[in-house]
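Below is one structure, written out as structure tokens; the observations come after it.
Note on naming: letters A, B, ... go to the chains in the order of the sequence lines (proteins, then strands), and numbering restarts at 1 for each one.
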Amino acid sequence: MKTTYREALRAALRDALERDGRVFLMGEDVGRYGGGFAVSLGLLEEFGPERIRDTPLSESGFVGAGIGAALGGMRPVVEIMTVNFSLLALDQIVNNAATLLHMSGGQFNVPLVIRMTTGAGRQLGAQHSHSLEGWYAHIPGLRILTPATLADARGMLWTALEDPDPVLIFEHGSLYNVAGELADDAGPVDIGTAAIRRPGTGVTLITYGGTLPAVLEAADQLAGEGIDAEVIDLRTCGRSTTQPSLAASAGRTGQWWWTRAGAAAASRLR
Amino acid sequence: MTAVRASQGPADADHASHLLRQMLRIRRLEEKCVELYSAARIRGFLHVYIGEEAVAAGVLEPLAAEDCVVATYREHGHALLRVSAGAILAEMYGRLEGCCRGRGGSMHLFDAATRFYGGNAIVAGGLPLAVGLALADKMSGRHRVTACFFGEGAVAEGEFHESLNLAALWQLPVLFCCENNLYAMGTALARSESQTDIALKAAGYEIPAWAVDGMDVFAVEEAARRAVDAVRSGGGPHFLELRTYRFRAHSMFDPELYREKAEVARWMERDPIRLLKDSMDAAGQLPAETWETLQADVDAEMAAGVEFAEAGTLEPVEELTRFVYSDRTPGADQAGRAAG
């Protein structure tokens with residue numbers, strides 16, 4: 001089926017809301033407005049204001065409420081409109097969501113999903129252009145997902161909701177309008193491993209999220225110059241991820257390059 | 001100006017005796033903690049509640065077992081009303097037998113079995129959690145109350161205002177309990193708030209709010225019972241400002257340069273345990289031998305708790321990174337699971 005990244009995210013939310021009565025979406029303008037980036041457009045009409053819950057502009061308050069609701073047996077999906085606003089909720093994310101399981105000696109896990117828009121490249125100035133997913137990946141206790149494809153936009157949410165611990169999903173702003181084909185039966189995907197998006201033998205290009213389309217384009221240009229590039233999409237950031245495909249790829253190609261939106265330039269790793 | 005509620009006359013002797021016991025248990029536990037801390041048996045920070053016992057004892061009394069409690073880093077007293085002295089002391093000792101396997105310590109006492117949600121070292125950090133716990137109850141159709149304790153210092157934090165607004169906006173079953181002991185660490189209320197009438201701030205969010213004499217356990221219990229009943233029956237959040245005083249230093253590293261000894265002495269004349277004991281004596285409700293027995297019982301309970309903690313074991317080093325993430329091994333026996 002023909003769809004977009006935004007519609008795939010919406011289909012994932014609808015699917016989760018239909019599958020599990022404990023799931024609800026909460027955030028600024030997710031309901032009446034339809035979502036700051038129109039991801040939840042129409043869901044208020046389908047699921048009502050209890051489950052598509054508009055909040056005041058109180059990031060720390062509603063993220064903390066999401067943590068509390070998760071402790072109380074719900075499966076909240078909290079939308080933070082953009083990554084820079086998440087800094088207003090940093091206390092709740094870092095001091096509560098990430099630490100409660102550990103501090104309680106395993107008694108209180110926090111099955112919370114937080115979605116937010118990330119990334120630069122849209123002429124929005126410094127604040128709205130942060131890419132803080134790598135930064136959040138340094139916090140033990142959090143899992144960081146960066147869906148770059150339609151299949152991952154469609155599939156990562158359910159897997160994240162099944163995770164017993166807090167999961168942050170970073171949606172790159174430049175991806176929402178990306179259109180393409182998605183299998184009719186697309187559903188939950190694995191969130192633990194990287195994916196080879198383009199196999200090659202000459203060089204390994206490692207990326208994730210909003211930079212993937214540009215890197216795939218670059219790989220096509222390199223092909224025109226006789227260089228067969230392999231493109232790896234990390235899909236997740238941080239220590240909770242196993243990345244067996246990275247070492248295998250580097251073994252085949254002999255050199256790695258790493259690139260992401262927000263970095264000043266690509267970095268040669270080896 | 002918010003009127004301060006006082007209690008209405010004497011209570012039944014058994015009930016008075018029960019409240020006296022609860023407060024004395026908290027007092028003796030913490031006196032023991034200070035002693036153990038000085039002897040370096042307990043490490044970390046230690047913030048004692050001595051002087052404020054009537055607040056925890058009075059508020060927790062009308063709560064049902066399924067009601068949640070969210071507290072602060074000064075939470076030994078609240079915890080003791082739900083968790084055994086042994087499990088609390090073992091936690092402070094950093095022992096596996098502690099209520100959090102020794103992972104939390106003094107500031108982070110948790111107990112899933114009794115719905116005790118900490119223990120939070122961030123001032124006001126627990127308020128949004130309480131709002132969320134109450135939201136889960138409301139969305140699930142459960143008629144539970146979440147009691148959320150915080151100091152008056154929390155009133156200056158944004159999370160206080162965000163949480164009160166959310167709870168009132170969504171009419172959530174939260175009982176906000178502000179333990180106003182007049183000092184945020186060393187900063188006096190009048191030096192940190194333009195409006196020092198805290199109940200008035202809550203009223204500004206359309207939350208019914210009462211100021212209560214926090215040294216009078218009957219007054220606290222009576223106000224809490226009214227508020228808990230109202231919250232449970234769908235009346236939305238309620239707010240109690242409990243006017244109390246911390247007799248001891250903020251922590252074990254506090255020379256108390258910010259307050260006069262005479263002020264402390266004045267408040268100690270209204271020691272909540274002594275007030276209750278005096279009123280029971282006056283009413284002939286506390287014969288000398290009953291008082292002796294009560295003290296001996298409580299001392300024995302604490303001695304047994306210390307013995308339990310002393311005999312505790314340390315978590316094996318191999319478990320160092322356990323509980324950073326949940327165990328994802330299929331069929332793994334996770335110690336706890338967030339549930340309704």
Side-chain angles (χ1 to χ4, degrees), chain A residues 21-22 24 26 49-51 53-76 78 88-89 91-92 94-112 139-143 162-167 192 238-240, chain B residues 68 70 91 96 98-105 107-108 110-113 117-122 124-137 139-140 142 144 146 158-159 161-163 165-167 169-170 172 315 321-328 334-340:
Chain A
R22 299 172 302 172
F24 68 101
M26 166 164 69
E50 285 286 304
R51 299 185 70 201
R53 185 174 284 266
D54 279 320
T55 67
L57 279 66
S58 304
E59 287 81 2
S60 201
F62 68 74
V63 168
I67 296 167
L71 292 172
M74 303 298 283
R75 290 294 179 274
V78 173
L88 294 162
D91 168 46
Q92 290 298 326
V94 177
N95 282 321
N96 280 339
T99 63
L100 287 174
L101 178 71
H102 183 268
M103 291 195 302
S104 67
Q107 295 178 84
F108 291 118
N109 60 303
V110 181
L112 168 71
I139 309 299
L142 302 179
R143 279 169 77 90
E162 288 199 308
D163 197 284
D165 300 322
V167 180
R239 63 188 76 202
S240 62
Chain B
C68 301
V70 177
E91 184 60 31
L96 189 53
C99 56
C100 303
R101 304 167 67 90
R103 299 288 186 96
M107 297 191 287
H108 304 290
F110 292 87
D111 186 49
Y117 289 85
N120 200 312
I122 311 298
L127 279 93
L129 291 192
V131 168
L133 285 161
L135 176 62
D137 284 337
M139 290 181 80
S140 309
R142 297 185 292 246
R144 290 176 183 164
T146 296
E159 287 182 330
H161 298 274
E162 295 186 11
S163 300
N165 182 52
L166 278 175
L169 187 68
W170 295 340
L172 301 178
E315 200 171 3
T321 60
R322 196 177 171 202
F323 304 126
V324 174
Y325 295 96
S326 296
D327 190 345
R328 289 175 175 74
Q334 181 71 15
R337 276 275 183 269

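By the 4.5 Å heavy-atom criterion applied to side chains, B:Thr146 and B:Val70 are counted as neighbours. A:Asn96 is listed as a side-chain neighbour of B:Asn120, based on a closest heavy-atom distance under 4.5 Å. Contact of the A:Pro111 side chain with the A:Asp165 side chain is not registered, since no non-hydrogen atoms from C-beta on lie closer than 4.5 Å.
Neither the backbone nor the side chain of B:Cys68 comes within less than 4.5 Å of any heavy atom in chain A. The contact between A:Leu100 and chain B is made entirely by side chain atoms (from C-beta outward), counting heavy-atom distances below 4.5 Å. Heavy-atom distances place the side chain of B:Leu169, and not its backbone, under 4.5 Å from chain A. Only the side chain of B:Asn165 comes within less than 4.5 Å of a heavy atom in chain A; its backbone stays farther off.
Of the listed residues (B:Gly125, B:Ser140, B:Gly105), the greatest number of heavy-atom pairs within a distance under 4.5 Å of chain A belongs to B:Gly125. Annotation: maximal heavy-atom pairing with chain A below 4.5 Å, among B:Gly118, B:Gly98, B:Gly158, B:Cys100, occurs at B:Cys100. Ranked by heavy-atom pairs under 4.5 Å with chain B, the first of A:Gly66, A:Gly61, A:Gly21 is A:Gly61. With respect to chain A, the highest number of heavy-atom pairs below 4.5 Å among B:His161, B:Glu91, B:Arg103, B:Glu315 belongs to B:Arg103.
Residues that satisfy the side-chain hydrogen bond (donor to acceptor under 3.5 Å, both in side chains) test with A:Arg53, not counting sequence neighbours, are A:Glu50.
Looking at A:Ser60 and B:Glu159, their side chains do bring a donor and an acceptor atom within 3.5 Å of each other.
Proximity of the aromatic rings of B:Tyr117 and A:Phe108 is defined here by a centroid distance below 6.0 angstrom, and this criterion is met.
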